[in-house]
Amino acid sequence: MKANSYQNQPDERGHFGPYGGRYVAETLMPLILEVEKAYNAAKEDPAFWAELEELQRDYVGRPSPLYFAKSATEELGGAKIYFKRDELNHTGAHKINHCLGQILVAKRMGKTRIICETGAGQHGVATATVCALFDLPCTVFMGATDIERQAPNVFRMKLLGAEVRAVDSGSGTLKDAMNEALRDWVTNVHDTFYLIGTVAGPHPFPQMVRDFQSIIGTELKEQMMEREGRLPDSLVACIGGGSNAMGLFHPFLNDADVQMYGVEAGGHGVDTDQHAASLNGGKPGVLHGMLSYFLQNDDGQITEAHSISAGLDYPGIGPEHAWLFDQKRVNYVSVTDQEALDAFQACTKLEGIIPALEPSHAFAHVMKLAPTLPKDHILVMNMCGRGDKDIFTVAEKLGVNIES
Amino acid sequence: MSRIETVFANLDRPALITFIMAGDPDAQTSMDVLKSLPDAGADIIELGMPFTDPMADGPVIQLAGGRALNAGANMNQTLQMVRDFRTDNDTTPIVLMGYYNPVMQYGAEKFVNDAADAGVDGLIIVDLPPEEADETLKAAKAKGIDIIRLITPTTTNERLSKIIDGASGFLYYVSITGVTGAASADLNAIKPHIEEIKGQTDIPVAIGFGIKTPEDAKNMGELADAVVVGSSIVNTIAESRDISKVSDQVKGLAGALK
């Protein structure tokens, strides 16, 4: 059944259609209900938003610019391409948006210790940053494999005062880091707040993170009206857990003429077993406190995700995306590692902007889409992170030795 | 009377509940261990359903699940273990314990039906709170399988009545805020919780998490109707792969409850 509105989810128990919910062990249940209560109270409190808005402006540098990508537009010869520049945020990605919001909620709850999981390290850096700002101890759970491939971000987190705990269990990537963070939270419920890094986990996290990220789409609406006097025709964003895409899409969900594209990490191809495309290559299941789409085998065992981008290397996706996928409101597509790598180089040369490998996936889809569209079609891509952290991975893929 | 009710009705001492992971370290060894448990003194057996992402378990049970999966364990094999066990034991209750995703992929209703037909008496699904359990609970009620509910030190009084409402078989009190195999609980800290629960229901209460030695079992047994020992038994299986060592350990635990 088609929804009447795409913006009134989730229901009071955290369901987006059949997805979402709170699939957690009983130890966490009372705490999660407390987080929900605290968040609902914060939402109604003008002082909460005033503090958050001041930080967004003065600390993060919001609003992030809306940039007309002239060279890319000319090169691709179709749609008029804009970038929403969330890579210019303090810490270099959109993750800071939900970190500030969540740490203010944690403070309202009187929590004195913050934990988080991280894949690429962007969410870990953003969390360590807000913990430094508010002088709270921070423990970051990070897969041992990811620690190896994201050394600069590990060093950043340590400089910011965070303890980075290596997770060896499973495949030593983002999903395992999330398991370990949940185990820590179960053990330290009395003083700890789990600052989740995407629109995933048990209710209210998918909703709360989306609400804090929605500033991306809200700003864009205003900027676009000012610039072009109308709404954009298409929105494009990459998807791992889906936080930047949810933030871009949500304010536009009820604008029926706005097309949306969520770009999953296709790894070596969605028809192989080496990808991270949960919607196009997975099926509904339950993990990390939510019902959503996951990569898994017939026995319900979760399978490993693969992507060139550590930030997209997660075998699941936020439950609201699962619902929008079923509703067909958003087009979910995928691009391969190689396409993302090509797009990384193209964007860097065309626009002088080094994108992170995550939005390189979005730009790879823009490169396919834009030439098929008329020149008066306005397309906006969320440039959700900068690529400095990825130059080592890219150099290795290109066969260039930059370490010696 | 169900097998679980019969156990509690016939005992004048706390029951010993032992946990092993199905298929750990391989199908045959696991089956041999399972068959040896009742004679060694286990009153009820919890059989773990292996899962790749056991978020409420400590390293010992995580590794056990990994070993089982590497050896080819799956839900069909777990149910087959129960069928085989039932060919010569029709009294010792078996409770399957695990996470929801493998159950969901099997089909919640089909799983409950097949489990009941195999001879399973109860289910503990760690990440399926009462709020999300409607489908499973309905199927379980129809088949006479108990859904064993977890209660923890963080459970509020308001939630306690909700949990007791849908519970049957026994209630599983998680004695610590933490994962399986962690440090032992403080007896004095959990005593008032157990009394609160027992004040609200006649359903037997088992205490689990952090119970390792016969002495732990004895102490916890004074508070409750049953004690659950998991990680330390699983550890013995991992280290020795020797059924007689597992039996000796279980005998020691059972002896402490006499």
Side-chain angles (χ1 to χ4, degrees), chain A residues 12-15 18 20-34 167-171 175-192 201-203 282-292 294-304 315-316, chain B residues 49-59 62-63 65-66 68-69 72-78 98-108 111 125-133 149-160 162-163 172-174 176-180 182-183 209:
Chain A
E12 60 187 23
R13 277 161 52 179
H15 294 108
R22 279 186 276 242
Y23 293 84
V24 295
E26 178 58 29
T27 315
L28 285 181
M29 201 66 188
L31 185 70
I32 281 167
L33 295 171
E34 244 181 77
V167 178
D168 291 315
S169 59
S171 57
K175 131 186 124 76
D176 309 292
M178 205 154 172
N179 288 335
E180 212 51 42
L182 283 164
R183 289 181 188 119
D184 181 291
W185 204 21
V186 165
T187 310
N188 299 294
V189 276
H190 57 288
D191 66 350
T192 298
H203 179 63
K283 57 186 171 176
V286 166
L287 184 71
H288 295 152
M290 59 179 172
L291 202 162
S292 190
F294 293 96
L295 302 180
Q296 55 186 311
N297 69 16
D298 291 340
D299 201 43
Q301 305 299 338
I302 306 301
T303 52
E304 304 298 343
Chain B
M49 301 179 279
F51 182 48
T52 39
D53 294 81
M55 68 169 191
D57 284 302
Q62 288 173 39
L63 290 171
L69 291 172
N74 58 42
M75 290 294 253
N76 286 322
Q77 185 187 296
T78 301
Y99 295 81
Y100 187 54
N101 197 49
V103 173
M104 181 183 165
Q105 301 312 318
Y106 195 101
F111 177 75
I125 305 174
V126 177
D127 56 352
L128 192 68
E131 287 86 345
E132 307 287 356
R149 290 272 171 228
L150 301 179
I151 297 170
T152 72
T154 59
T155 303
T156 56
N157 279 344
E158 190 193 344
R159 285 189 63 73
L160 185 58
K162 186 186 260 180
I163 292 167
Y172 190 134
Y173 185 77
V174 176
I176 49 159
T177 57
V179 294
T180 53
F209 281 44

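For B/Met75, the parts sitting under 4.5 Å from any heavy atom of chain A are the backbone and the side chain alike. Looking at A/His15, only its side chain comes within 4.5 Å of chain B, counting heavy atoms on both sides. Proximity to chain A (any heavy atom under 4.5 Å) is restricted, for B/Ile163, to the side chain, taken from C-beta onward. Residue A/Pro202 does not touch chain B at all, counting heavy-atom pairs closer than 4.5 Å. With a 4.5 Å cut-off on non-hydrogen atoms, B/Leu63 does not touch chain A at all. The contact between B/Pro54 and chain A is made by backbone and side chain atoms together, counting heavy-atom distances below 4.5 Å.
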Legend entry - Criterion side chain to side chain contact (heavy atoms under 4.5 Å, CB included) on A/Gln301 and B/Leu69, from CA distance to verdict: CA-CA 9 Å; A/Gln301 305 299 338; B/Leu69 291 172; 3.5 Å; yes

Legend entry - Test log, rule side chain to side chain contact (heavy atoms under 4.5 Å, CB included), inputs B/Phe51 and A/Ile302: CA-CA 8 Å; B/Phe51 182 48; A/Ile302 306 301; 3.9 Å; yes

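Of all heavy-atom pairs between A/Thr187 and B/Gly178, the closest is OG1-CA, 3.6 Å. Residues A/Val286 and B/Asn101 share a closest heavy-atom pair of N-OD1, 2.9 Å. When every heavy atom of A/Val24 is checked against every heavy atom of B/Pro129, the shortest pair comes out as O-CD, 3.9 Å. Pairing each heavy atom of A/Arg183 with each of B/Asp57, the nearest pair is NE-O, 2.9 Å.
Under the side chain to side chain contact (heavy atoms under 4.5 Å, CB included) criterion, B/Ala73 pairs with B/Pro50, B/Ala68, B/Gln77, sequence neighbours left out. When the side chain to side chain contact (heavy atoms under 4.5 Å, CB included) test is applied to A/Leu31, the partners found at least two apart in sequence or on another chain are A/Glu34, A/Lys111, A/Trp185, A/Val189.
Side-chain contact between B/Arg149 and A/Glu26: absent, with no pair of heavy atoms (C-beta onward) separated by less than 4.5 Å. In this structure the side chain of A/Arg22 never reaches within 4.5 angstrom of the side chain of B/Glu131, judged on heavy atoms. Taking 4.5 Å as the limit, some side-chain heavy atom of A/Leu33 sits within range of a side-chain heavy atom of B/Arg159.
One finds the CE atom of B/Met104 at 7.0 Å from the OH atom of A/Tyr23 (value rounded to the nearest 0.5 Å). To the nearest 0.5 Å, atoms CD1 (B/Ile176) and OG1 (A/Thr27) are separated by 8.5 Å. Taking CE from A/Met290 and CG from B/Asp127, the interatomic distance works out to 12.0 Å, rounded to the nearest 0.5 Å. In this structure, the separation between CG on A/Leu287 and OG1 on B/Thr52 is 7.0 Å, given to the nearest 0.5 Å. The line from OG1 of B/Thr154 to CG of A/Leu28 is 7.5 Å long, rounded to the nearest 0.5 Å.
Listed options B/Val174, B/Asp53, B/Val103 were ranked by heavy-atom pairs under 4.5 angstrom with chain A; first place goes to B/Asp53.
The number of heavy atoms from other shown groups lying within 6.0 Å of CG (A/Asp298) does not exceed 12.
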